[in-house]
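Notes for the one structure printed next.
Both backbone and side-chain heavy atoms feed into the values below; hydrogens, waters and symmetry mates do not. Chain letters run A, B, ... following the sequence lines, proteins first and then strands; every chain starts at 1. A quick note: this is a predicted structure, and the numbers were derived from the prediction, not measured.
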Protein chains: 2
Amino acid sequence: MKEEKLLRKILEDNHLRITKTRLFIFNLLQNNEPQSIAELVDRSTTKVDRVSVYRILDLYEKLGIIKRINIGWKYKLELSDIFLDHHHHISCIGCGHMVAIKEEEELEDLIDNLGKAAEFVLTSHQLELQGYCAKCQKRQKKQSAQPLRAI
Amino acid sequence: MKEEKLLRKILEDNHLRITKTRLFIFNLLQNNEPQSIAELVDRSTTKVDRVSVYRILDLYEKLGIIKRINIGWKYKLELSDIFLDHHHHISCIGCGHMVAIKEEEELEDLIDNLGKAAEFVLTSHQLELQGYCAKCQKRQKKQSAQPLRAI
DNA sequence: AATGTATTGCAATTTTGTTGCAATAATATA
DNA sequence: TATATTATTGCAACAAAATTGCAATACATT
């Protein structure tokens, strides 16, 4: 429960109250894959009002507790790097399956340099990869070849 | 007008009609910085109905003509790599200013390897950096120091 | 130019996100 | 530990964003 302790500290430091709803939402974030707001609202019903979910997510974002990550056209929310180790994502267009890519020094260094070159002081970055996972590649081969840009 | 030719070819290849509205929206995408859907809808009024803007953007996404890029909690749309040279973005939290980062072989290679390591066949990726631009850094120094997690 | 059909615009609807305010719950303090 | 203070929540109403069905229109084919 190290994470909840940190959450409590952040709230305290900002003179914000440690409430059941705030802990509940934090719990949802902690015990699930990255979720959309709709999913979070869904998982909260009966426990927490829609409005409060939105308000708590806004607050958590301002406090740097959560961040948005992109999956194609949509985005999902996950705990930020102070709770989870810094990482990136790769997601399968075929089945939606998503895996975390653990931190790579070489990549992070390169990103730092991009910031320096642009004379920026970097505060954050996201890298998202998309493609077909091993399973979906096999499945595709079995079926007839797909057109490049089918709709 | 090389780009419009490619657009026409993609539509033709998919047995879709080349219409004034589709060309109009493409034109908006081509002649502006990355835009939000709201901005595109705004710039279309009187010419194109809101609904059609949504439908055309959906279509363009399916066809791989446009892609979403993230700016903090929001996203914007821009033409995809078949129209624009592949690049990434760095945006300033202070003033919202955004600059393109031109392709870097080393970075792209590294990303390819991440895909291979996960046994994925990659189709696309996005890298977004955030921070403070040179101007905003100076402005901040003048003002008193900011707390790390102010709300 | 006429025909068939995809595309568009309109109206209505659903979904998503926001606001004000009274009721409630968390903290400070006595 | 009870009470007072005030942040937080839920409710209702609202506003904005996105979607749907269908008739009117415009594009492509002959």
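In this structure, A/I56 and A/V51 both approach DNA chain D, and ranking their closest nucleotides by distance from the 5' end singles out A/I56. Of the two residues near DNA chain D, A/H15 and B/A38, the one whose nearest nucleotide lies more 5' is A/H15.
When the P atom of C/dT7 is taken as reference, atom CG of B/D58 falls 14 Å away, rounded to whole Å. The distance from atom CG of B/L16 to atom C1' of C/dT8 is 14 Å, rounded to the nearest whole Å. C/dT19 atom C1' lies 13 Å from atom CG of A/D49, rounded to whole Å. For the pair B/R17 CZ and D/dA26 P, the computed distance is 13 Å after rounding to whole Å. Rounded to an integer number of Å, the gap from CZ of A/F26 to P of D/dT8 is 17 Å. Atom C1' of nucleotide C/dT14 and atom OH of B/Y54 are separated by 13 Å, given to the nearest angstrom. Look at CG on A/L40: it is 19 Å from P on C/dT15, rounded to the nearest Å. Following rounding to the nearest Å, B/K20 (NZ) and D/dA24 (P) show an atom-to-atom distance of 20 Å.
In this structure, the side chains of A/N32 and A/L40 stay at 4.5 Å or more apart for every pair of heavy atoms.
When A/Q30, A/E33, A/H89 are each tested for a side chain to side chain contact (heavy atoms under 4.5 Å, CB included) with A/E78, only one passes: A/H89. For the side-chain hydrogen bond (donor to acceptor under 3.5 Å, both in side chains) criterion with A/H88, the lone passing option out of A/E103, A/E104, A/E108 is A/E108.
Dashed line: the shortest gap from a side-chain N or O of B/T21 to OP1 or OP2 of C/dT7 is not under 4.0 Å. At C/dT7, one or more side-chain N or O atoms of B/R22 fall inside 4.0 Å of OP1 or OP2 (strictly under the cut-off). Note on A/T19: every side-chain N or O is 4.0 Å or more away from OP1 and OP2 of C/dA26.
A/V41 comes within 4.0 angstrom of no nucleic acid atom, judged by non-hydrogen atoms across all strands.
Comparing D/dT5, D/dA18, C/dT7 by their closest approach to the side chain of B/I37 singles out D/dA18. Candidate nucleotides D/dT6, D/dG21, C/dT5 were compared by shortest atom distance to the side chain of B/R55, and D/dG21 ranks first.
In this structure, CG on B/L122 lies 8.5 Å from CD on A/Q130, to the nearest 0.5 angstrom.
Scanning atom types as modelled, no donor and acceptor separated by under 3.5 angstrom connect the side chain of B/R50 and the base of D/dA17.
The pair A/D13-A/K9 meets the salt-bridge criterion, with a side-chain N (NZ, NE, NH1 or NH2) lying under 4.0 Å from an Asp/Glu carboxylate O.
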